[in-house]
Amino acid sequence: MPEPAAPATTPSAPLSRRLGLVQATALNMIDMVGIGPFVTLPLVMGFMGPNFLLAWMVGAVLSLADGFIWSELGAAHPEAGGSYRFLKLAYGEHKWGRLMSFLYVWQTLVQAPLVVASGAIGFAQYFAYLVPLPAWWQPKLVAGTVVLLLIGLLYRRIDDVGRLGVALWLGVLALLGWLIFGGLTHAHIPVNWLPEGGVGALPGVLLSVAMGQASVKTIYSYLGYYNVCHLGGEVKKPQKLIPRSIFLSIIGIMTLYLLMNWSVASVIPWQQARHSEFIVSLFIEQLYGATAAKFATALVLWVAFASLFAVLLGYSRIPYAAAADGEFLPLFAKTHPTKNFPHVSLLLLGGVGFVFSLLFRLGEVISAILAMRILVQFVGQAVGLVLLRRRNGTAKLPFKMPLYPLPVVVAVVVWLWVLVSTGWVFVVSGLAVTAAGVVAFLLWSRKLRRWPFGG
């Protein structure tokens, strides 16, 4: 029996390629920074003590290794959806690739709103430094309002979004630059880059349980270097621009994170800093006074908002790409009739993010985000790249990772280590979401009479 056609969707104009290198890098970097480093800095110090900088280095190493995978795939397949397209092509467009890409989109419907909620909750946490929020509902009101404002700002054309992203990026650089300058000019506490005992003590520290728990927090703060791949269908000259923007983002943020952490610890002892909910505000207050601290807190809020802006922008393209491909609910394939962006996907992910921001706490969502994504997206994508290379060769690749397959091996091993470090509760929760996605895929495929039910 012939395979029935996918449900009809409203014809939509193709996405426009209007994002340049500066805009793409800016959107990557504001996605990466966000509220993460400001709320996880004291948590990492609590896990690692004086060796906290090593945890940030581990996050950078994983990001660089994984960045080679994203760069090779993104340059070869610059389309909207990022991992959705990569997984489908790698595992076969008509069989297992359909399952893997469906699972990724399925998880996106849950974990993307969780990412948005985590940033909004962190925003409310720092907002409480400026305006006390004693009642239980007040932080939730702030977080929910942030998500609604984001949806309103993103409801526009991509070239307008790109210009707005650069403006938000300037706020990110201004804040981090100020923190680093403060440390460079007021440092009086020695900060160790290596553990006590030197290089010989590194293996024990790197393989410790504390390092695993701390790395969950630092890696969360690095996530976002691949945002440009989600926007692959809207990037100019993507074969060159995508790899460049990924590595500019990782190297730039790695440098800023290490200098920022060093700066804070060179002024405030890590024993004190690990207990602060407003470590950046406390740092600036100690150096420049209460008024400057309030201004710095406002910049933290600016950075958090900027990151959420980039996150929701990139993730809204994933269900759109799947639906436009006939592999997800047709409603998500619709684009705005005049502004030409996937407005239905934006509204739904933003709406779920709004609900999550009212329900959860920050500590709960960080581990859940990673546990849910690692197996299907990060590990699945790394293995998928190996399959693509074996099937298609490398002669036509616009970007080839150096030292292949070493970056792939490093990425897979470290990602699995991070997964275990999130804790069994989050691992089981992530597997449960994946299992529910398999059931949904089978029901969807049966309705369309596609593999494994025909076609």
Atom of [X], atom of [Y] and distance for their closest heavy-atom approach:
X	Y	result
P113	T108	CD-O, 3.3 Å
M260	P37	CE-CB, 3.8 Å
V303	G171	CG2-O, 4.0 Å
G74	I242	O-CD1, 3.4 Å

Tell me, do [X] and [Y] make a side-chain contact under 4.5 Å, heavy atoms counted?
X	Y	value
L179	I284	yes
F123	V300	no
V414	V61	no
T297	F127	no

Output yes when R17 and E234 qualify as a salt bridge under the 4.0 Å nitrogen-oxygen rule, no when they do not.
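No, no charged N to carboxylate O under 4.0 Å.
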Are R450 and E327 within salt-bridge range, i.e. N to O under 4.0 Å?
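Between E327 and R450 there is a salt bridge, with a charged N closer than 4.0 Å to a carboxylate O.
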Salt bridge (Lys or Arg N to Asp or Glu O under 4.0 Å) partners of R389, counting only residues at least two apart
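Applying salt bridge (Lys or Arg N to Asp or Glu O under 4.0 Å) to R389 gives E72.
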Checking N28 now: which residues fulfil side chain to side chain donor-acceptor pair (under 3.5 Å) with it, not counting sequence neighbours?
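Residues passing side chain to side chain donor-acceptor pair (under 3.5 Å) with N28: S249.
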Is the distance from the ring center of [X] to that of [Y] below 6.0 Å?
X	Y	answer
F295	W178	yes
F68	F247	yes
F52	F47	no
F332	Y320	no
Y226	W70	yes

Separation of S208 OG from L206 CG (nearest 0.5 Å):
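Result: 7.5 Å between the selected atoms.
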Report the C-alpha distance between Y257 and Y222 in whole Å, list the side-chain angles of each, state the deciding distance to 0.1 Å, and finish with yes or no for ring-ring contact (aromatic ring centres under 6.0 Å, His included).
CA-CA 9 Å; Y257 279 179; Y222 277 103; 5.1 Å; yes
Donor-acceptor pair, distance only, cut-off 3.5 Å: does the side chain of [X] make one with the backbone of [Y]?
X	Y	result
Q23	G20	yes
K217	L41	no
Y225	L248	no

Check the angle between the aromatic planes of F441 and W451 and answer parallel, tilted or perpendicular using the 30° and 60° thresholds.
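The rings of F441 and W451 sit tilted, inter-plane angle from 30° to 60°.
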Mutual orientation of the aromatic rings belonging to Y126 and F38 [parallel < 30°, tilted 30-60°, perpendicular > 60°]
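Perpendicular.
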I'd like a table of donor-acceptor pairs (distance under 3.5 Å, sequence neighbours excluded) in which one partner is a side-chain atom from residues 416-431, with atom names and distances.
from	atom 1	to	atom 2	distance (Å)
S421	OG	W417	O	2.9
T422	OG1	L419	O	2.6
S429	OG	V425	O	2.8

Do S118 and Y220 pass the side-chain hydrogen bond (donor to acceptor under 3.5 Å, both in side chains) test, and can you show the C-alpha distance, the side-chain angles, and the key distance before you say yes or no?
CA-CA 11 Å; S118 70; Y220 164 79; 2.8 Å; yes
For N227 and Y315, test the side chains for any donor-to-acceptor distance below 3.5 angstrom and give the result as yes or no.
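No - no donor-acceptor pair under 3.5 Å links their side chains.
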